[in-house]
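Both ligands and their constituent atoms are indexed starting at 1 by order of listing.
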Amino acid sequence: NPSFNIDSLPALQDQPLSDFAQDMLSGMASKPRSIPPKYFYDGAGSALFDRICALPEYYPTRTELRILTDRAAEIANHIGPAAEIVEFGAGSLTKVRLLLDALEAPKRYLPIDISGEHLDGAVARLRADYPGLEVVPIVADYTRRFALPAPVVDGGRRVGFFPGSTLGNFSPEEALAFLKSAAQMLRGGGLLLGVDLIKDPALLHEAYNDAQGVTAAFNVNLLHRANAELGADFHPGNFAHAAFYNAPLQRIEMHLVSKRAHAVNLLGERFTFAEGETIHTENSHKFSIEGLRTLAVKAGFGIGPVWTDAERLFSVHWLPV
Ligand code: AVI
(Lines give C-alpha, C1' and ligand atoms only; values in the text may rest on other atoms or scores of the structure.)
Protein backbone atom coordinates (compact mmCIF):
# COMPACT_ATOMS: atom_id res chain seq x y z
CA ASN A 1 0.00 0.00 0.00
CA PRO A 2 1.84 3.15 -1.21
CA SER A 3 -0.08 5.46 1.15
CA PHE A 4 1.02 3.44 4.21
CA ASN A 5 3.02 5.71 6.48
CA ILE A 6 4.50 4.18 9.61
CA ASP A 7 4.76 7.62 11.25
CA SER A 8 0.96 7.94 11.28
CA LEU A 9 0.54 4.82 13.45
CA PRO A 10 0.13 5.37 17.18
CA ALA A 11 3.53 4.59 18.66
CA LEU A 12 2.18 2.30 21.34
CA GLN A 13 5.52 1.01 22.46
CA ASP A 14 6.85 4.59 22.82
CA GLN A 15 4.03 5.81 25.01
CA PRO A 16 5.35 6.76 28.45
CA LEU A 17 4.07 4.51 31.22
CA SER A 18 1.91 6.15 33.86
CA ASP A 19 3.27 6.43 37.43
CA PHE A 20 0.84 3.68 38.44
CA ALA A 21 2.08 1.40 35.64
CA GLN A 22 5.75 1.98 36.53
CA ASP A 23 5.17 1.52 40.26
CA MET A 24 3.11 -1.65 39.69
CA LEU A 25 5.79 -3.16 37.45
CA SER A 26 8.61 -2.41 39.86
CA GLY A 27 6.51 -3.42 42.87
CA MET A 28 5.68 -6.82 41.30
CA ALA A 29 9.31 -7.36 40.27
CA SER A 30 10.69 -6.70 43.76
CA LYS A 31 10.84 -9.25 46.59
CA PRO A 32 8.91 -8.89 48.84
CA ARG A 33 6.32 -7.47 46.46
CA SER A 34 4.71 -4.14 47.26
CA ILE A 35 2.39 -1.43 45.90
CA PRO A 36 2.59 2.16 47.25
CA PRO A 37 -0.55 2.96 49.31
CA LYS A 38 -1.25 6.20 47.42
CA TYR A 39 -2.78 4.06 44.63
CA PHE A 40 -5.66 3.04 46.92
CA TYR A 41 -7.35 6.35 46.17
CA ASP A 42 -9.05 6.10 42.79
CA GLY A 43 -12.76 7.04 42.78
CA ALA A 44 -13.88 3.65 44.16
CA GLY A 45 -11.03 3.50 46.69
CA SER A 46 -11.72 7.01 48.00
CA ALA A 47 -15.40 6.09 48.46
CA LEU A 48 -14.36 2.90 50.32
CA PHE A 49 -12.02 4.96 52.50
CA ASP A 50 -14.93 7.26 53.42
CA ARG A 51 -16.86 4.14 54.49
CA ILE A 52 -13.86 2.98 56.60
CA CYS A 53 -13.91 6.36 58.39
CA ALA A 54 -17.51 5.72 59.47
CA LEU A 55 -16.89 2.13 60.74
CA PRO A 56 -17.41 1.45 64.45
CA GLU A 57 -13.96 -0.22 64.65
CA TYR A 58 -12.08 2.62 62.91
CA TYR A 59 -11.62 4.99 65.86
CA PRO A 60 -9.11 7.51 64.30
CA THR A 61 -11.58 9.59 62.27
CA ARG A 62 -14.23 10.11 64.92
CA THR A 63 -11.62 10.61 67.66
CA GLU A 64 -9.79 13.28 65.69
CA LEU A 65 -13.11 14.97 64.79
CA ARG A 66 -14.02 15.02 68.47
CA ILE A 67 -10.69 16.59 69.42
CA LEU A 68 -11.06 19.22 66.67
CA THR A 69 -14.67 19.94 67.68
CA ASP A 70 -14.11 20.11 71.43
CA ARG A 71 -10.90 22.14 71.24
CA ALA A 72 -11.61 24.28 68.15
CA ALA A 73 -11.52 27.64 69.93
CA GLU A 74 -8.29 26.80 71.77
CA ILE A 75 -6.64 25.46 68.62
CA ALA A 76 -7.67 28.56 66.63
CA ASN A 77 -6.26 30.73 69.38
CA HIS A 78 -2.85 29.07 69.12
CA ILE A 79 -2.82 29.16 65.33
CA GLY A 80 -3.68 32.87 65.22
CA PRO A 81 -4.72 34.71 62.05
CA ALA A 82 -4.25 32.72 58.82
CA ALA A 83 -4.63 34.14 55.32
CA GLU A 84 -4.89 30.67 53.84
CA ILE A 85 -5.14 27.00 54.69
CA VAL A 86 -3.30 24.34 52.69
CA GLU A 87 -4.63 20.83 53.28
CA PHE A 88 -2.56 17.78 52.28
CA GLY A 89 -4.60 14.75 51.18
CA ALA A 90 -7.83 16.66 51.54
CA GLY A 91 -10.24 13.82 50.62
CA SER A 92 -13.85 14.66 51.45
CA LEU A 93 -13.18 18.08 53.04
CA THR A 94 -15.11 17.37 56.24
CA LYS A 95 -12.51 18.08 58.95
CA VAL A 96 -11.40 21.40 57.50
CA ARG A 97 -14.89 22.83 58.08
CA LEU A 98 -14.15 22.83 61.81
CA LEU A 99 -11.01 24.90 61.18
CA LEU A 100 -12.71 27.24 58.74
CA ASP A 101 -15.43 27.90 61.31
CA ALA A 102 -12.98 28.51 64.15
CA LEU A 103 -10.21 30.51 62.44
CA GLU A 104 -10.38 34.24 61.90
CA ALA A 105 -11.80 34.55 58.34
CA PRO A 106 -9.20 32.79 56.13
CA LYS A 107 -9.35 34.14 52.57
CA ARG A 108 -8.29 31.10 50.62
CA TYR A 109 -8.29 27.33 51.01
CA LEU A 110 -6.03 25.08 48.93
CA PRO A 111 -7.05 21.42 49.20
CA ILE A 112 -4.47 19.07 47.65
CA ASP A 113 -5.50 15.53 46.77
CA ILE A 114 -4.30 12.78 44.44
CA SER A 115 -7.89 11.89 43.40
CA GLY A 116 -9.33 14.67 41.21
CA GLU A 117 -12.60 12.84 40.76
CA HIS A 118 -13.21 12.74 44.51
CA LEU A 119 -11.99 16.30 45.13
CA ASP A 120 -14.31 17.95 42.56
CA GLY A 121 -17.56 16.91 44.23
CA ALA A 122 -16.30 17.81 47.70
CA VAL A 123 -15.10 21.24 46.50
CA ALA A 124 -18.52 22.04 44.96
CA ARG A 125 -20.22 21.26 48.31
CA LEU A 126 -17.70 23.34 50.28
CA ARG A 127 -18.04 26.35 47.95
CA ALA A 128 -21.82 26.27 48.39
CA ASP A 129 -21.44 26.33 52.18
CA TYR A 130 -18.62 28.96 52.32
CA PRO A 131 -19.48 31.51 49.62
CA GLY A 132 -16.91 34.07 50.87
CA LEU A 133 -13.98 31.65 50.71
CA GLU A 134 -11.77 31.25 47.63
CA VAL A 135 -11.30 27.49 47.14
CA VAL A 136 -8.48 26.44 44.80
CA PRO A 137 -8.31 22.63 44.48
CA ILE A 138 -4.93 21.18 43.50
CA VAL A 139 -4.84 17.66 42.06
CA ALA A 140 -1.32 16.53 42.86
CA ASP A 141 0.70 13.76 44.42
CA TYR A 142 2.03 15.60 47.47
CA THR A 143 4.57 12.83 48.11
CA ARG A 144 6.43 14.33 45.12
CA ARG A 145 7.51 17.90 44.38
CA PHE A 146 4.66 20.24 43.52
CA ALA A 147 4.17 24.01 43.41
CA LEU A 148 1.71 26.16 45.33
CA PRO A 149 0.27 29.39 43.87
CA ALA A 150 1.76 32.66 45.20
CA PRO A 151 0.41 33.65 48.65
CA VAL A 152 -3.07 35.16 48.53
CA VAL A 153 -2.05 38.17 50.63
CA ASP A 154 1.46 39.66 50.78
CA GLY A 155 2.95 38.53 54.07
CA GLY A 156 -0.24 36.58 54.89
CA ARG A 157 0.32 33.52 57.04
CA ARG A 158 -0.08 30.11 55.50
CA VAL A 159 -1.31 27.31 57.74
CA GLY A 160 -0.97 23.66 56.74
CA PHE A 161 -3.50 21.04 57.77
CA PHE A 162 -2.56 17.35 57.60
CA PRO A 163 -5.13 15.35 59.57
CA GLY A 164 -6.04 11.66 59.66
CA SER A 165 -2.57 10.27 60.44
CA THR A 166 -1.79 10.05 56.74
CA LEU A 167 1.78 10.95 57.77
CA GLY A 168 1.86 7.42 59.21
CA ASN A 169 1.48 5.93 55.73
CA PHE A 170 4.94 7.28 54.81
CA SER A 171 8.16 5.49 55.68
CA PRO A 172 10.11 7.34 58.42
CA GLU A 173 12.42 8.76 55.71
CA GLU A 174 9.49 9.89 53.56
CA ALA A 175 7.79 11.44 56.60
CA LEU A 176 10.90 13.48 57.38
CA ALA A 177 11.26 14.59 53.74
CA PHE A 178 7.58 15.56 53.59
CA LEU A 179 7.78 17.55 56.84
CA LYS A 180 10.94 19.32 55.64
CA SER A 181 9.24 20.50 52.45
CA ALA A 182 6.06 21.43 54.37
CA ALA A 183 8.19 23.52 56.75
CA GLN A 184 9.59 25.47 53.78
CA MET A 185 6.15 25.97 52.25
CA LEU A 186 4.56 27.12 55.51
CA ARG A 187 7.32 29.37 56.90
CA GLY A 188 5.80 32.17 58.97
CA GLY A 189 2.79 29.99 59.80
CA GLY A 190 2.73 26.37 60.87
CA LEU A 191 1.20 22.93 60.51
CA LEU A 192 -1.77 21.42 62.31
CA LEU A 193 -0.97 17.71 62.19
CA GLY A 194 -3.12 14.76 63.31
CA VAL A 195 -1.37 11.46 64.09
CA ASP A 196 -2.51 8.16 65.54
CA LEU A 197 -0.91 7.07 68.82
CA ILE A 198 0.69 3.76 69.87
CA LYS A 199 -1.90 1.70 71.77
CA ASP A 200 -3.20 -1.76 72.64
CA PRO A 201 -2.53 -3.89 69.53
CA ALA A 202 -5.97 -5.56 69.93
CA LEU A 203 -7.69 -2.22 69.25
CA LEU A 204 -5.46 -1.63 66.24
CA HIS A 205 -6.16 -5.11 64.92
CA GLU A 206 -9.92 -4.51 65.02
CA ALA A 207 -9.61 -1.13 63.31
CA TYR A 208 -7.90 -2.73 60.28
CA ASN A 209 -9.92 -5.98 60.26
CA ASP A 210 -13.48 -4.66 60.44
CA ALA A 211 -16.39 -7.08 60.68
CA GLN A 212 -18.08 -5.79 57.50
CA GLY A 213 -14.95 -6.33 55.41
CA VAL A 214 -14.77 -2.74 54.13
CA THR A 215 -11.02 -2.54 54.80
CA ALA A 216 -10.55 -5.83 52.94
CA ALA A 217 -12.49 -4.41 49.96
CA PHE A 218 -10.35 -1.23 50.11
CA ASN A 219 -7.20 -3.37 49.99
CA VAL A 220 -8.43 -5.64 47.16
CA ASN A 221 -9.61 -2.57 45.17
CA LEU A 222 -5.94 -2.06 44.19
CA LEU A 223 -6.18 -5.22 42.08
CA HIS A 224 -9.45 -4.12 40.45
CA ARG A 225 -7.76 -0.80 39.67
CA ALA A 226 -4.75 -2.53 38.07
CA ASN A 227 -7.12 -4.63 35.95
CA ALA A 228 -9.21 -1.62 34.85
CA GLU A 229 -6.38 0.87 34.22
CA LEU A 230 -3.49 -1.36 33.17
CA GLY A 231 -5.30 -4.35 31.63
CA ALA A 232 -3.83 -6.72 34.25
CA ASP A 233 -5.58 -10.05 34.89
CA PHE A 234 -5.52 -10.27 38.69
CA HIS A 235 -8.28 -12.55 40.03
CA PRO A 236 -9.13 -10.69 43.23
CA GLY A 237 -10.55 -13.94 44.64
CA ASN A 238 -7.00 -15.37 44.57
CA PHE A 239 -5.94 -12.90 47.31
CA ALA A 240 -6.92 -12.49 50.95
CA HIS A 241 -6.73 -9.30 53.04
CA ALA A 242 -4.22 -9.43 55.91
CA ALA A 243 -3.58 -6.66 58.46
CA PHE A 244 -1.48 -7.04 61.63
CA TYR A 245 0.53 -4.94 64.07
CA ASN A 246 4.30 -5.08 63.65
CA ALA A 247 5.26 -4.14 67.22
CA PRO A 248 9.02 -3.54 66.75
CA LEU A 249 8.33 -1.15 63.86
CA GLN A 250 5.23 0.36 65.56
CA ARG A 251 3.03 0.01 62.50
CA ILE A 252 0.02 -1.78 61.11
CA GLU A 253 0.97 -3.60 57.91
CA MET A 254 -1.57 -4.45 55.24
CA HIS A 255 -0.89 -7.18 52.72
CA LEU A 256 -2.69 -9.08 49.97
CA VAL A 257 -1.87 -12.76 50.46
CA SER A 258 -1.98 -15.16 47.53
CA LYS A 259 -4.33 -18.02 48.43
CA ARG A 260 -2.84 -20.41 45.88
CA ALA A 261 0.03 -20.76 43.42
CA HIS A 262 -0.93 -18.83 40.27
CA ALA A 263 0.32 -16.32 37.70
CA VAL A 264 -0.72 -12.79 36.78
CA ASN A 265 -0.13 -10.94 33.50
CA LEU A 266 0.60 -7.23 33.73
CA LEU A 267 1.75 -4.98 30.87
CA GLY A 268 3.36 -7.80 28.92
CA GLU A 269 5.09 -9.34 31.96
CA ARG A 270 4.09 -12.55 33.73
CA PHE A 271 4.41 -12.71 37.53
CA THR A 272 4.10 -16.01 39.39
CA PHE A 273 2.80 -16.15 42.95
CA ALA A 274 3.46 -18.95 45.41
CA GLU A 275 0.73 -19.90 47.87
CA GLY A 276 1.08 -17.57 50.89
CA GLU A 277 3.21 -15.02 49.03
CA THR A 278 2.19 -11.46 49.85
CA ILE A 279 1.97 -8.05 48.23
CA HIS A 280 2.70 -5.44 50.92
CA THR A 281 0.18 -2.63 50.30
CA GLU A 282 0.39 -0.28 53.29
CA ASN A 283 2.19 0.67 56.48
CA SER A 284 0.30 2.75 59.01
CA HIS A 285 2.81 3.95 61.58
CA LYS A 286 1.67 4.78 65.10
CA PHE A 287 3.46 7.51 67.06
CA SER A 288 4.33 8.57 70.57
CA ILE A 289 3.91 12.29 71.26
CA GLU A 290 7.64 12.59 71.98
CA GLY A 291 8.58 10.64 68.82
CA LEU A 292 6.45 12.89 66.64
CA ARG A 293 7.90 16.04 68.23
CA THR A 294 11.46 14.83 67.67
CA LEU A 295 10.65 14.22 64.00
CA ALA A 296 9.02 17.67 63.65
CA VAL A 297 12.03 19.44 65.17
CA LYS A 298 14.37 17.52 62.82
CA ALA A 299 12.28 18.82 59.92
CA GLY A 300 12.62 22.44 61.08
CA PHE A 301 9.36 22.98 62.99
CA GLY A 302 8.98 24.39 66.48
CA ILE A 303 6.87 22.63 69.09
CA GLY A 304 3.44 23.91 70.01
CA PRO A 305 0.68 22.37 72.12
CA VAL A 306 -0.73 18.89 71.53
CA TRP A 307 -4.38 17.91 72.04
CA THR A 308 -5.53 14.33 72.67
CA ASP A 309 -8.75 12.53 73.63
CA ALA A 310 -9.35 11.19 77.14
CA GLU A 311 -8.24 7.66 76.13
CA ARG A 312 -5.10 8.97 74.38
CA LEU A 313 -5.99 7.21 71.13
CA PHE A 314 -5.15 10.09 68.79
CA SER A 315 -3.19 13.37 68.86
CA VAL A 316 -3.42 16.76 67.13
CA HIS A 317 -0.21 18.83 67.13
CA TRP A 318 0.33 22.51 66.40
CA LEU A 319 3.79 22.89 64.91
CA PRO A 320 4.77 26.53 64.32
CA VAL A 321 7.48 27.28 61.77
C1 AVI B 1 -5.31 7.25 55.26
N2 AVI B 1 -4.65 6.43 56.30
C3 AVI B 1 -4.24 7.27 57.40
C4 AVI B 1 -5.42 5.26 56.71
C5 AVI B 1 -4.68 4.50 57.84
O6 AVI B 1 -5.31 4.22 58.85
O7 AVI B 1 -3.48 4.27 57.71
C8 AVI B 1 -5.67 4.33 55.56
C9 AVI B 1 -6.34 3.04 55.98
N10 AVI B 1 -5.91 1.84 55.69
C11 AVI B 1 -6.73 0.95 56.20
N12 AVI B 1 -7.67 1.56 56.84
C13 AVI B 1 -7.46 2.88 56.71
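- Relative ring orientation between H280 and H255 is described as parallel, the plane-to-plane angle staying below 30° on a 0-90° scale split at 30° and 60°.
- Listed by number with element, the atoms of ligand 1 under 4.0 Å from a non-hydrogen atom of F218 are 10 (N).
- With ligand atoms numbered from 1 in the order given, ligand 1 contributes 1 (C), 8 (C) to contacts under 4.0 Å with heavy atoms of Y41.
- Between F170 and H285, the distance separating the two ring centers is not shorter than 6.0 angstrom.
- Each of T272, N227, D233 was checked for a side-chain contact (heavy atoms from CB on, under 4.5 Å) with V264, and the lone residue meeting it is D233.
- Aromatic ring centroids of Y109 and Y130 lie 6.0 Å or more apart.
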Please assess L148 against I112 for the test side chain to side chain contact (heavy atoms under 4.5 Å, CB included), listing each intermediate value before the final yes or no.
CA-CA 10 Å; L148 284 183; I112 308 170; 4.1 Å; yes

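- Between Y208 and ligand 1, an N or O atom pair is found at a separation short of 3.5 Å.
- Set against the non-hydrogen atoms of Y58, the atoms of ligand 1 under 4.0 Å away are 4 (C), 5 (C), 6 (O), 12 (N), 13 (C).
- Short contacts between ligand 1 and S284, defined as distances under 4.0 Å to a heavy atom of the residue, involve ligand atoms 5 (C), 6 (O), 7 (O).
- Outside the 6.0 Å centre-distance limit, the rings of Y59 and F314 are not counted as a close aromatic pair.
- At a 3.5 angstrom cut-off on N or O pairs, T215 does not count as close to ligand 1.
- Residue contact check: S165 has heavy atoms under 4.0 Å from atoms 3 (C) of ligand 1.
- For the pair E282 and ligand 1, the shortest N or O to N or O distance falls below 3.5 Å.
- The closest approach between F49 and ligand 1 falls below 4.0 Å for a heavy atom of the residue.
- No donor-acceptor pair closer than 3.5 Å links the side chain of R33 to the backbone N or O of E277.
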Tell me, with the steps shown, if R97 and D129 meet salt bridge (charged side-chain N to carboxylate O under 4.0 Å, His left out).
CA-CA 9 Å; R97 287 166 183 258; D129 294 341; 2.6 Å; yes

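- The closest approach between G164 and ligand 1 falls below 4.0 Å for a heavy atom of the residue.
- Only the side chain of N169 comes within 4.0 Å of ligand 1, judged by heavy-atom distances.
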